[in-house]
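For reference, the structure discussed in these notes is given below.
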Amino acid sequence: MDIQIGKVTHYYDKISVAVITVMNQPLKVGDTVKISGHDNEFIQTIQSLQMEHNQMTSVPVGETCGVRVDQSVKSGDVLYLVTS
């Protein structure tokens with residue numbers, strides 16, 4: 001069962017970075033996540049997290065962070081923590 005962990009609020013296509021609002025539990029470097037939207041779904045491992053241009057190892061609930069993504073995403077896409 002996958003756990004909803006965040007939502008995409010913006011996507012910078014030139015640098016492949018999604019802005020994620022973290023919900024429910026912290027997001028950490030090394031987490032395997034599934035990003036799901038209306039027309040796209042993929043799984044990737046979080047390689048880096050940034051908050052206000054600072055590298056982070058984890059981002060607490062309620063905060064917003066930047067995540068480099070492997071494929072394009074859209075505002076409103078949902079980030080799930082893969083637990084299996």
Side-chain angles (χ1 to χ4, degrees):
M1 183 172 133
D2 299 334
I3 301 165
Q4 183 177 344
I5 195 169
K7 186 173 270 191
V8 176
T9 59
H10 193 75
Y11 176 62
Y12 295 98
D13 59 343
K14 291 186 188 327
I15 57 174
S16 298
V17 169
V19 178
I20 307 284
T21 299
V22 178
M23 307 180 292
N24 302 327
Q25 70 182 61
L27 179 62
K28 300 182 285 291
V29 171
D31 282 349
T32 300
V33 297
K34 175 172 68 177
I35 300 174
S36 182
H38 297 293
D39 58 353
N40 193 20
E41 184 173 280
F42 62 96
I43 294 175
Q44 77 170 59
T45 301
I46 300 295
Q47 301 293 327
S48 70
L49 295 168
Q50 282 195 358
M51 286 178 61
E52 306 204 12
H53 307 287
N54 295 312
Q55 284 294 120
M56 307 293 286
T57 56
S58 69
V59 176
V61 172
E63 295 293 333
T64 301
C65 64
V67 176
R68 185 172 299 271
V69 290
D70 296 339
Q71 298 180 30
S72 69
V73 296
K74 294 180 180 166
S75 180
D77 287 0
V78 179
L79 192 80
Y80 295 94
L81 181 64
V82 176
T83 57
S84 55

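When the shell of 6.0 Å around CD of Gln55 is examined, it contains more than 12 heavy atoms from other residues, nucleotides or ligands. Around atom OH of Tyr12, no more than 12 heavy atoms belonging to other residues, nucleotides or ligands sit under 6.0 Å away.
When every heavy atom of His53 is checked against every heavy atom of Gln50, the shortest pair comes out as CA-OE1, 3.8 Å. Smallest separation of non-hydrogen atoms from Ile5 and Gln25: CG1-O, 3.3 Å. Glu41 approaches Ser36 most closely through the heavy-atom pair OE1-OG, 2.9 Å. Across all non-hydrogen atoms, the minimal contact from Ser48 to Val29 is CA-CG2, 4.2 Å. Val22 and Cys65 make their closest contact through CG2-SG, 4.2 Å (heavy atoms, listed as atom of the first residue, atom of the second, distance).
Interatomic distance, Ile3 CD1 to Leu79 CG, rounded to the nearest 0.5 Å: 12.0 Å. A distance of 12.5 Å separates NE2 in His10 from OG1 in Thr21, rounded to the nearest 0.5 Å.
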Val61 and Asn24: CA distance, side-chain angles, deciding distance, side chain to side chain contact (heavy atoms under 4.5 Å, CB included) verdict
CA-CA 6 Å; Val61 172; Asn24 302 327; 5.8 Å; no
Carefully, step by step, assess Tyr11 and Asp77 under the rule side chain to side chain contact (heavy atoms under 4.5 Å, CB included).
CA-CA 10 Å; Tyr11 176 62; Asp77 287 0; over 6 Å; no
Mind running side chain to side chain contact (heavy atoms under 4.5 Å, CB included) on Thr64 and Val19 for me, showing each step along the way?
CA-CA 7 Å; Thr64 301; Val19 178; 3.2 Å; yes
Verdict with supporting geometry, Gln4 and Met23, side chain to side chain contact (heavy atoms under 4.5 Å, CB included):
CA-CA 8 Å; Gln4 183 177 344; Met23 307 180 292; 3.0 Å; yes
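Under a hydrophobic clustering in which Ile, Leu, Val, Met, Phe, Trp and Tyr are joined whenever their side-chain heavy atoms come within less than 4.5 Å, directly or via other members, Met51 and Leu27 fall into the same cluster. Tracing side-chain contacts under 4.5 Å through hydrophobic residues (I, L, V, M, F, W, Y), one reaches Val8 starting from Met56; they form part of the same cluster.
Between Val67 and Leu49 the shortest side-chain heavy-atom distance falls below 4.5 Å. In this structure, Ile35 and Val69 have side chains that are in contact, with non-hydrogen atoms separated by less than 4.5 Å.
Qualifying side chain to side chain contact (heavy atoms under 4.5 Å, CB included) partners for Thr45, counting only residues two or more places apart in sequence or in other chains: Thr32, Gln47.
One N or O on the side chain of Gln44 and one on the backbone of Asp70 form a donor-acceptor pair closer than 3.5 Å. A distance-only check finds no donor-acceptor pair linking the side chain of Arg68 to the backbone of Ile46 [under 3.5 Å]. When atom types are taken as modelled, the side chain of Asn40 and the backbone of Gly37 share no donor-acceptor pair closer than 3.5 angstrom.
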